[in-house]
**Student:** 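Sharing a structure here in C-alpha coordinates format.
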2 protein chains.
Amino acid sequence: MSIVLYDLCGRDAERRFSPHCWKVRMSLAHKGLDFETRATPFTEIPKIGGGFSPTVPVIDDGGKLRRDSFDIALYLEDAYPDGPTLFAGEGGKAAARFVESWVQSTLGPVMMGLIVKDIHDQLGDADQAYFRQTREKRLGRTLEEAQAGREGRVDTFRSALQPLRMMLGHQPFIGGQQPLFCDYIVFGSLQWARVISPLKLLADDDPVALWFERCLDLHGGIGRAAVAA
Amino acid sequence: MSIVLYDLCGRDAERRFSPHCWKVRMSLAHKGLDFETRATPFTEIPKIGGGFSPTVPVIDDGGKLRRDSFDIALYLEDAYPDGPTLFAGEGGKAAARFVESWVQSTLGPVMMGLIVKDIHDQLGDADQAYFRQTREKRLGRTLEEAQAGREGRVDTFRSALQPLRMMLGHQPFIGGQQPLFCDYIVFGSLQWARVISPLKLLADDDPVALWFERCLDLHGGIGRAAVAA
(Lines give C-alpha, C1' and ligand atoms only; values in the text may rest on other atoms or scores of the structure.)
Protein backbone atom coordinates (compact mmCIF):
# COMPACT_ATOMS: atom_id res chain seq x y z
CA MET A 1 0.00 0.00 0.00
CA SER A 2 1.32 3.40 -0.94
CA ILE A 3 2.23 5.97 1.66
CA VAL A 4 -0.08 8.98 1.41
CA LEU A 5 1.43 12.44 1.69
CA TYR A 6 -0.99 15.22 2.51
CA ASP A 7 0.53 17.99 0.47
CA LEU A 8 -0.35 21.66 0.56
CA CYS A 9 -1.86 22.99 -2.66
CA GLY A 10 -3.01 26.24 -4.22
CA ARG A 11 -6.17 27.15 -6.10
CA ASP A 12 -4.73 24.86 -8.73
CA ALA A 13 -4.63 21.55 -6.89
CA GLU A 14 -1.48 20.66 -8.81
CA ARG A 15 0.44 23.65 -7.45
CA ARG A 16 2.34 22.12 -4.52
CA PHE A 17 4.34 24.83 -2.85
CA SER A 18 4.95 23.94 0.79
CA PRO A 19 8.69 23.87 1.55
CA HIS A 20 8.08 21.35 4.31
CA CYS A 21 6.01 19.06 2.10
CA TRP A 22 8.77 19.18 -0.51
CA LYS A 23 11.27 17.99 2.08
CA VAL A 24 9.08 14.94 2.66
CA ARG A 25 8.30 14.35 -0.99
CA MET A 26 11.99 14.31 -1.83
CA SER A 27 12.65 12.05 1.16
CA LEU A 28 10.02 9.53 0.10
CA ALA A 29 11.48 9.47 -3.40
CA HIS A 30 15.02 9.24 -1.99
CA LYS A 31 14.00 6.15 -0.02
CA GLY A 32 12.49 4.63 -3.15
CA LEU A 33 9.08 4.31 -1.53
CA ASP A 34 5.74 4.12 -3.29
CA PHE A 35 3.71 7.16 -2.38
CA GLU A 36 0.87 9.25 -3.58
CA THR A 37 0.10 12.83 -2.67
CA ARG A 38 -3.22 14.21 -1.62
CA ALA A 39 -3.79 17.86 -2.54
CA THR A 40 -4.67 19.71 0.65
CA PRO A 41 -5.61 23.38 0.92
CA PHE A 42 -4.72 25.17 4.18
CA THR A 43 -8.33 25.16 5.31
CA GLU A 44 -8.68 21.39 4.80
CA ILE A 45 -5.72 20.47 7.03
CA PRO A 46 -7.92 20.18 10.17
CA LYS A 47 -9.84 17.35 8.51
CA ILE A 48 -6.79 15.08 8.20
CA GLY A 49 -7.18 12.25 10.66
CA GLY A 50 -9.81 14.15 12.61
CA GLY A 51 -7.55 17.06 13.53
CA PHE A 52 -4.29 15.15 13.76
CA SER A 53 -2.06 18.14 12.97
CA PRO A 54 -2.37 21.91 12.54
CA THR A 55 0.10 21.78 9.64
CA VAL A 56 1.20 19.62 6.76
CA PRO A 57 3.12 17.56 5.85
CA VAL A 58 1.29 14.62 7.31
CA ILE A 59 1.91 11.12 6.02
CA ASP A 60 -0.30 8.08 6.37
CA ASP A 61 1.77 4.93 6.25
CA GLY A 62 -0.64 2.04 6.37
CA GLY A 63 -2.83 3.76 8.92
CA LYS A 64 0.00 5.23 10.96
CA LEU A 65 -0.07 9.02 10.80
CA ARG A 66 3.11 11.03 11.18
CA ARG A 67 3.59 14.81 11.10
CA ASP A 68 6.40 17.41 10.95
CA SER A 69 8.92 17.16 8.13
CA PHE A 70 11.93 16.44 10.31
CA ASP A 71 10.11 13.85 12.39
CA ILE A 72 8.82 12.21 9.22
CA ALA A 73 12.36 11.99 7.84
CA LEU A 74 13.52 10.37 11.09
CA TYR A 75 10.56 7.99 10.91
CA LEU A 76 11.35 7.00 7.32
CA GLU A 77 14.99 6.41 8.20
CA ASP A 78 13.98 4.06 11.01
CA ALA A 79 11.05 2.37 9.29
CA TYR A 80 12.81 1.83 5.96
CA PRO A 81 16.44 1.11 6.79
CA ASP A 82 16.97 -0.78 3.52
CA GLY A 83 16.38 2.26 1.34
CA PRO A 84 19.16 4.78 0.74
CA THR A 85 19.95 6.63 3.93
CA LEU A 86 18.59 10.15 4.47
CA PHE A 87 21.20 11.06 7.08
CA ALA A 88 24.29 8.87 6.65
CA GLY A 89 24.72 8.38 10.35
CA GLU A 90 24.01 10.03 13.66
CA GLY A 91 26.29 12.96 12.90
CA GLY A 92 24.33 13.76 9.79
CA LYS A 93 21.08 13.50 11.71
CA ALA A 94 22.28 15.99 14.31
CA ALA A 95 23.76 18.40 11.81
CA ALA A 96 20.55 18.40 9.78
CA ARG A 97 18.98 20.18 12.76
CA PHE A 98 21.56 22.89 12.36
CA VAL A 99 20.77 23.22 8.66
CA GLU A 100 17.06 23.37 9.49
CA SER A 101 17.68 26.10 12.07
CA TRP A 102 19.83 28.01 9.60
CA VAL A 103 17.05 27.95 7.00
CA GLN A 104 14.37 28.91 9.51
CA SER A 105 16.31 31.76 11.06
CA THR A 106 18.12 33.28 8.09
CA LEU A 107 16.44 32.31 4.81
CA GLY A 108 12.84 31.98 5.91
CA PRO A 109 12.16 35.52 7.09
CA VAL A 110 13.87 37.08 4.06
CA MET A 111 12.02 34.84 1.64
CA MET A 112 8.67 35.57 3.23
CA GLY A 113 9.11 39.22 2.36
CA LEU A 114 9.90 38.28 -1.22
CA ILE A 115 6.98 35.97 -2.01
CA VAL A 116 4.25 36.26 0.62
CA LYS A 117 1.80 38.13 -1.61
CA ASP A 118 2.51 35.75 -4.47
CA ILE A 119 1.62 32.84 -2.19
CA HIS A 120 -1.67 34.49 -1.32
CA ASP A 121 -2.52 35.09 -4.94
CA GLN A 122 -2.12 31.42 -5.81
CA LEU A 123 -4.53 30.21 -3.13
CA GLY A 124 -8.22 29.37 -3.33
CA ASP A 125 -10.73 31.82 -1.86
CA ALA A 126 -11.11 30.25 1.57
CA ASP A 127 -7.35 29.80 1.88
CA GLN A 128 -6.73 33.41 0.82
CA ALA A 129 -8.81 34.69 3.71
CA TYR A 130 -7.13 32.33 6.19
CA PHE A 131 -3.65 33.11 4.89
CA ARG A 132 -4.13 36.88 4.92
CA GLN A 133 -5.48 36.89 8.44
CA THR A 134 -2.84 34.63 9.99
CA ARG A 135 0.16 35.99 8.10
CA GLU A 136 -0.70 39.66 8.50
CA LYS A 137 -1.02 39.10 12.22
CA ARG A 138 2.37 37.37 12.26
CA LEU A 139 4.06 39.98 10.06
CA GLY A 140 2.45 42.96 11.72
CA ARG A 141 1.55 44.49 8.36
CA THR A 142 -0.36 43.73 5.20
CA LEU A 143 0.88 41.18 2.70
CA GLU A 144 1.23 43.97 0.17
CA GLU A 145 3.38 46.01 2.54
CA ALA A 146 5.52 42.99 3.40
CA GLN A 147 6.31 42.28 -0.24
CA ALA A 148 6.64 45.90 -1.42
CA GLY A 149 10.07 46.85 -2.74
CA ARG A 150 11.16 43.24 -2.88
CA GLU A 151 13.52 43.75 -5.80
CA GLY A 152 15.75 45.69 -3.44
CA ARG A 153 15.94 42.73 -1.08
CA VAL A 154 16.98 40.03 -3.53
CA ASP A 155 20.63 40.78 -2.79
CA THR A 156 19.97 40.27 0.92
CA PHE A 157 18.62 36.84 0.10
CA ARG A 158 21.61 36.01 -2.08
CA SER A 159 24.00 37.11 0.66
CA ALA A 160 22.21 34.94 3.18
CA LEU A 161 23.09 31.93 1.03
CA GLN A 162 26.83 32.56 1.32
CA PRO A 163 27.47 29.64 3.71
CA LEU A 164 25.95 27.22 1.19
CA ARG A 165 27.80 28.88 -1.68
CA MET A 166 31.12 28.57 0.13
CA MET A 167 30.46 24.94 1.05
CA LEU A 168 29.74 24.12 -2.59
CA GLY A 169 33.40 24.87 -3.28
CA HIS A 170 34.15 21.64 -1.42
CA GLN A 171 31.40 19.24 -2.47
CA PRO A 172 28.35 19.00 -4.74
CA PHE A 173 25.75 18.49 -2.00
CA ILE A 174 25.36 19.39 1.67
CA GLY A 175 25.27 15.62 2.15
CA GLY A 176 28.65 15.33 0.43
CA GLN A 177 28.92 13.51 -2.88
CA GLN A 178 25.23 12.60 -2.71
CA PRO A 179 22.19 14.50 -1.46
CA LEU A 180 20.79 13.80 1.98
CA PHE A 181 17.84 15.15 3.95
CA CYS A 182 19.87 18.27 4.77
CA ASP A 183 19.86 19.11 1.06
CA TYR A 184 16.11 18.69 0.90
CA ILE A 185 15.72 21.10 3.81
CA VAL A 186 17.25 23.91 1.75
CA PHE A 187 15.81 22.66 -1.53
CA GLY A 188 12.32 22.88 -0.05
CA SER A 189 12.66 26.61 0.48
CA LEU A 190 13.94 27.35 -3.01
CA GLN A 191 11.31 25.10 -4.54
CA TRP A 192 8.67 26.94 -2.50
CA ALA A 193 9.67 30.12 -4.31
CA ARG A 194 10.00 28.44 -7.69
CA VAL A 195 6.50 26.98 -7.53
CA ILE A 196 4.77 30.09 -6.26
CA SER A 197 6.54 33.18 -7.56
CA PRO A 198 7.89 34.55 -10.84
CA LEU A 199 10.58 36.51 -8.98
CA LYS A 200 14.07 35.54 -10.09
CA LEU A 201 15.96 34.79 -6.90
CA LEU A 202 19.32 33.50 -8.09
CA ALA A 203 21.78 34.48 -10.80
CA ASP A 204 22.13 31.68 -13.35
CA ASP A 205 25.83 31.18 -12.67
CA ASP A 206 25.48 31.16 -8.88
CA PRO A 207 26.84 27.87 -7.49
CA VAL A 208 23.66 27.75 -5.38
CA ALA A 209 21.57 27.89 -8.57
CA LEU A 210 23.63 25.06 -10.06
CA TRP A 211 23.12 22.99 -6.89
CA PHE A 212 19.39 23.70 -7.06
CA GLU A 213 19.32 22.54 -10.68
CA ARG A 214 21.02 19.30 -9.61
CA CYS A 215 18.34 18.85 -6.96
CA LEU A 216 15.56 19.45 -9.49
CA ASP A 217 16.95 16.54 -11.51
CA LEU A 218 16.98 14.08 -8.61
CA HIS A 219 14.64 11.09 -8.38
CA GLY A 220 13.40 11.24 -11.94
CA GLY A 221 13.12 15.01 -11.86
CA ILE A 222 10.09 15.22 -9.54
CA GLY A 223 11.13 18.70 -8.50
CA ARG A 224 11.47 19.93 -12.05
CA ALA A 225 8.19 18.36 -13.14
CA ALA A 226 6.19 20.32 -10.57
CA VAL A 227 3.74 23.00 -11.66
CA ALA A 228 5.72 26.23 -11.19
CA ALA A 229 5.18 29.95 -11.51
CA MET B 1 55.35 9.08 20.74
CA SER B 2 53.12 12.08 21.26
CA ILE B 3 51.59 13.94 18.36
CA VAL B 4 52.99 17.48 18.17
CA LEU B 5 50.59 20.33 17.50
CA TYR B 6 52.19 23.54 16.28
CA ASP B 7 49.94 26.03 18.00
CA LEU B 8 49.77 29.76 17.39
CA CYS B 9 50.81 31.86 20.39
CA GLY B 10 51.01 35.46 21.49
CA ARG B 11 53.76 37.44 23.18
CA ASP B 12 52.96 35.19 26.12
CA ALA B 13 53.80 31.78 24.70
CA GLU B 14 50.99 30.33 26.79
CA ARG B 15 48.34 32.47 25.11
CA ARG B 16 46.98 30.13 22.43
CA PHE B 17 44.33 31.95 20.47
CA SER B 18 44.05 30.46 16.98
CA PRO B 19 40.49 29.28 16.30
CA HIS B 20 41.80 26.69 13.87
CA CYS B 21 44.38 25.35 16.32
CA TRP B 22 41.65 25.07 18.95
CA LYS B 23 39.62 22.90 16.58
CA VAL B 24 42.56 20.51 16.35
CA ARG B 25 43.40 20.64 20.04
CA MET B 26 39.85 19.69 20.94
CA SER B 27 39.87 16.97 18.28
CA LEU B 28 43.09 15.42 19.59
CA ALA B 29 41.64 15.40 23.10
CA HIS B 30 38.32 14.05 21.79
CA LYS B 31 40.18 11.12 20.23
CA GLY B 32 41.99 10.49 23.50
CA LEU B 33 45.39 10.91 21.86
CA ASP B 34 48.63 11.88 23.58
CA PHE B 35 49.76 15.20 22.26
CA GLU B 36 51.92 18.13 23.11
CA THR B 37 51.70 21.63 21.74
CA ARG B 38 54.54 23.73 20.46
CA ALA B 39 54.05 27.46 20.88
CA THR B 40 54.46 29.07 17.47
CA PRO B 41 54.37 32.78 16.72
CA PHE B 42 53.07 33.83 13.28
CA THR B 43 56.57 34.66 12.08
CA GLU B 44 57.92 31.24 13.06
CA ILE B 45 55.37 29.26 11.03
CA PRO B 46 57.60 29.17 7.91
CA LYS B 47 60.20 27.22 9.89
CA ILE B 48 57.89 24.26 10.54
CA GLY B 49 59.08 21.34 8.45
CA GLY B 50 61.14 23.65 6.23
CA GLY B 51 58.18 25.67 4.98
CA PHE B 52 55.55 22.93 5.05
CA SER B 53 52.59 25.28 5.51
CA PRO B 54 51.85 29.01 5.45
CA THR B 55 49.46 28.59 8.38
CA VAL B 56 48.94 26.60 11.55
CA PRO B 57 47.64 24.23 12.75
CA VAL B 58 50.22 21.73 11.64
CA ILE B 59 50.57 18.39 13.37
CA ASP B 60 53.54 16.04 13.37
CA ASP B 61 52.38 12.49 13.92
CA GLY B 62 55.50 10.36 14.14
CA GLY B 63 57.19 12.27 11.34
CA LYS B 64 54.08 12.65 9.19
CA LEU B 65 53.11 16.30 8.86
CA ARG B 66 49.51 17.32 8.29
CA ARG B 67 48.03 20.79 7.89
CA ASP B 68 44.60 22.53 7.76
CA SER B 69 42.21 21.98 10.64
CA PHE B 70 39.53 20.18 8.63
CA ASP B 71 42.04 17.94 6.87
CA ILE B 72 43.67 17.14 10.19
CA ALA B 73 40.30 16.13 11.65
CA LEU B 74 39.68 13.86 8.66
CA TYR B 75 43.16 12.42 9.09
CA LEU B 76 42.62 11.72 12.78
CA GLU B 77 39.29 10.05 12.05
CA ASP B 78 40.95 7.73 9.55
CA ALA B 79 44.19 7.12 11.42
CA TYR B 80 42.59 6.57 14.83
CA PRO B 81 39.30 4.78 14.15
CA ASP B 82 39.26 3.25 17.64
CA GLY B 83 38.96 6.59 19.43
CA PRO B 84 35.59 8.32 19.73
CA THR B 85 34.38 9.48 16.35
CA LEU B 86 34.74 13.12 15.34
CA PHE B 87 32.03 12.95 12.69
CA ALA B 88 29.65 10.06 13.47
CA GLY B 89 29.43 9.01 9.86
CA GLU B 90 29.73 10.35 6.35
CA GLY B 91 26.72 12.63 6.77
CA GLY B 92 28.34 14.32 9.72
CA LYS B 93 31.56 14.72 7.78
CA ALA B 94 29.78 16.42 4.90
CA ALA B 95 27.64 18.65 7.12
CA ALA B 96 30.71 19.76 9.06
CA ARG B 97 31.78 21.50 5.86
CA PHE B 98 28.56 23.45 5.96
CA VAL B 99 29.17 24.44 9.57
CA GLU B 100 32.71 25.50 8.64
CA SER B 101 31.40 27.61 5.76
CA TRP B 102 28.77 29.16 8.01
CA VAL B 103 31.42 30.20 10.54
CA GLN B 104 33.77 31.52 7.88
CA SER B 105 31.16 33.51 6.01
CA THR B 106 28.97 34.84 8.79
CA LEU B 107 30.78 34.79 12.15
CA GLY B 108 34.38 35.31 11.03
CA PRO B 109 34.07 38.72 9.39
CA VAL B 110 31.95 40.13 12.22
CA MET B 111 34.30 38.81 14.88
CA MET B 112 37.34 40.20 13.15
CA GLY B 113 35.90 43.69 13.55
CA LEU B 114 35.33 43.02 17.24
CA ILE B 115 38.77 41.73 18.25
CA VAL B 116 41.37 42.40 15.55
CA LYS B 117 43.17 45.14 17.46
CA ASP B 118 43.09 43.05 20.63
CA ILE B 119 44.77 40.22 18.73
CA HIS B 120 47.49 42.58 17.59
CA ASP B 121 48.11 43.86 21.08
CA GLN B 122 48.70 40.36 22.43
CA LEU B 123 51.40 39.51 19.87
CA GLY B 124 55.17 39.76 20.11
CA ASP B 125 56.94 42.60 18.29
CA ALA B 126 57.79 40.76 15.08
CA ASP B 127 54.30 39.26 14.90
CA GLN B 128 52.68 42.65 15.51
CA ALA B 129 54.41 44.08 12.43
CA TYR B 130 53.46 41.05 10.32
CA PHE B 131 49.89 41.01 11.57
CA ARG B 132 49.31 44.73 11.06
CA GLN B 133 50.67 44.65 7.53
CA THR B 134 48.78 41.59 6.34
CA ARG B 135 45.46 42.31 8.09
CA GLU B 136 45.31 45.98 7.21
CA LYS B 137 45.84 45.05 3.58
CA ARG B 138 43.05 42.47 3.83
CA LEU B 139 40.68 44.76 5.71
CA GLY B 140 41.44 47.86 3.65
CA ARG B 141 41.82 49.98 6.79
CA THR B 142 43.82 50.20 9.97
CA LEU B 143 43.29 47.73 12.79
CA GLU B 144 42.16 50.64 14.95
CA GLU B 145 39.56 51.68 12.37
CA ALA B 146 38.34 48.11 11.96
CA GLN B 147 37.72 47.69 15.68
CA ALA B 148 36.39 51.21 16.39
CA GLY B 149 32.81 51.32 17.61
CA ARG B 150 32.76 47.62 18.25
CA GLU B 151 30.29 47.85 21.14
CA GLY B 152 27.66 48.79 18.59
CA ARG B 153 28.32 45.61 16.63
CA VAL B 154 28.01 43.06 19.43
CA ASP B 155 24.31 42.69 18.67
CA THR B 156 25.14 41.91 15.05
CA PHE B 157 27.36 39.11 16.26
CA ARG B 158 24.69 37.78 18.59
CA SER B 159 22.13 37.83 15.79
CA ALA B 160 24.48 35.93 13.52
CA LEU B 161 24.43 33.10 16.06
CA GLN B 162 20.66 32.64 15.76
CA PRO B 163 20.87 29.37 13.78
CA LEU B 164 22.95 27.80 16.55
CA ARG B 165 20.68 29.25 19.22
CA MET B 166 17.60 27.82 17.53
CA MET B 167 19.24 24.42 17.07
CA LEU B 168 20.09 24.30 20.77
CA GLY B 169 16.36 24.11 21.41
CA HIS B 170 16.55 20.57 20.00
CA GLN B 171 19.82 19.17 21.30
CA PRO B 172 22.77 20.08 23.54
CA PHE B 173 25.48 19.95 20.83
CA ILE B 174 25.68 20.44 17.08
CA GLY B 175 26.80 16.82 17.08
CA GLY B 176 23.60 15.85 18.89
CA GLN B 177 23.78 14.45 22.41
CA GLN B 178 27.57 14.56 22.28
CA PRO B 179 30.00 17.05 20.74
CA LEU B 180 31.59 16.33 17.39
CA PHE B 181 34.09 18.16 15.22
CA CYS B 182 31.31 20.49 14.04
CA ASP B 183 31.02 21.76 17.62
CA TYR B 184 34.75 22.41 17.76
CA ILE B 185 34.51 24.44 14.56
CA VAL B 186 32.24 26.96 16.26
CA PHE B 187 33.91 26.59 19.65
CA GLY B 188 37.24 27.56 18.09
CA SER B 189 35.90 30.95 17.10
CA LEU B 190 34.41 31.74 20.48
CA GLN B 191 37.54 30.51 22.24
CA TRP B 192 39.61 32.74 19.93
CA ALA B 193 37.74 35.72 21.33
CA ARG B 194 37.82 34.46 24.92
CA VAL B 195 41.60 34.01 24.88
CA ILE B 196 42.45 37.28 23.18
CA SER B 197 39.86 39.90 24.09
CA PRO B 198 38.14 41.26 27.20
CA LEU B 199 35.04 42.14 25.15
CA LYS B 200 31.92 40.42 26.46
CA LEU B 201 30.37 38.79 23.42
CA LEU B 202 27.46 36.79 24.83
CA ALA B 203 24.79 37.40 27.44
CA ASP B 204 25.18 34.96 30.32
CA ASP B 205 21.77 33.39 29.78
CA ASP B 206 22.17 32.98 26.03
CA PRO B 207 21.79 29.29 25.08
CA VAL B 208 24.91 29.77 22.97
CA ALA B 209 26.83 30.89 26.07
CA LEU B 210 25.58 27.82 27.94
CA TRP B 211 26.69 25.59 25.06
CA PHE B 212 30.09 27.30 25.07
CA GLU B 213 30.42 26.66 28.81
CA ARG B 214 29.68 22.99 28.19
CA CYS B 215 32.43 22.94 25.57
CA LEU B 216 34.89 24.61 27.95
CA ASP B 217 34.32 21.71 30.35
CA LEU B 218 35.01 18.98 27.79
CA HIS B 219 38.08 16.74 27.90
CA GLY B 220 39.17 17.68 31.38
CA GLY B 221 38.42 21.33 30.82
CA ILE B 222 41.31 22.06 28.44
CA GLY B 223 39.38 24.97 26.97
CA ARG B 224 38.65 26.50 30.35
CA ALA B 225 42.24 26.04 31.56
CA ALA B 226 43.66 28.11 28.73
CA VAL B 227 45.26 31.50 29.43
CA ALA B 228 42.48 33.96 28.57
CA ALA B 229 41.98 37.70 28.39
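Chain letters run A, B, ... following the sequence lines, proteins first, then strands; residues in each count from 1.
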**Student:** Just how far is it from atom CD of Gln104(A) to atom CE of Met167(B), taken to the nearest 0.5 Å?
**Tutor:** 12.5 Å
**Student:** Pick one of side chain, backbone, both or neither for Ile174(A), based on which atoms fall under 4.5 Å of a heavy atom in chain B.
**Tutor:** both
**Student:** Check whether Phe87(A) gets within reach of chain B through its side chain, its backbone, both or neither, counting any heavy atom under 4.5 Å.
**Tutor:** backbone
**Student:** Select one option (side chain, backbone, both, neither) describing which atoms of Leu168(A) are under 4.5 Å from chain B's heavy atoms.
**Tutor:** neither
**Student:** Is Leu86(B) in contact with chain A via its backbone, its side chain, both, or neither, using a 4.5 Å heavy-atom distance?
**Tutor:** neither
**Student:** Could you look at Glu100(A) and say if it's the side chain, the backbone, both or neither that has a heavy atom under 4.5 Å from chain B?
**Tutor:** side chain
**Student:** Starting at CH2 of Trp102(A), measure out to CZ of Phe98(B) and round the result to the nearest 0.5 Å.
**Tutor:** 4.0 Å
**Student:** Looking at Gly175(B), Gly176(B), Ser105(B), which one has more heavy-atom pairs under 4.5 Å with chain A than the rest?
**Tutor:** Ser105(B)
**Student:** Out of Gly89(B), Ser101(B), Gly92(B), Ala88(B), which one racks up the most heavy-atom pairs below 4.5 Å with chain A?
**Tutor:** Ser101(B)
**Student:** Report the option among Glu90(B), Arg165(B), Gln177(B), Gln171(B) that has the most heavy-atom pairs separated by less than 4.5 Å from atoms of chain A.
**Tutor:** Gln171(B)
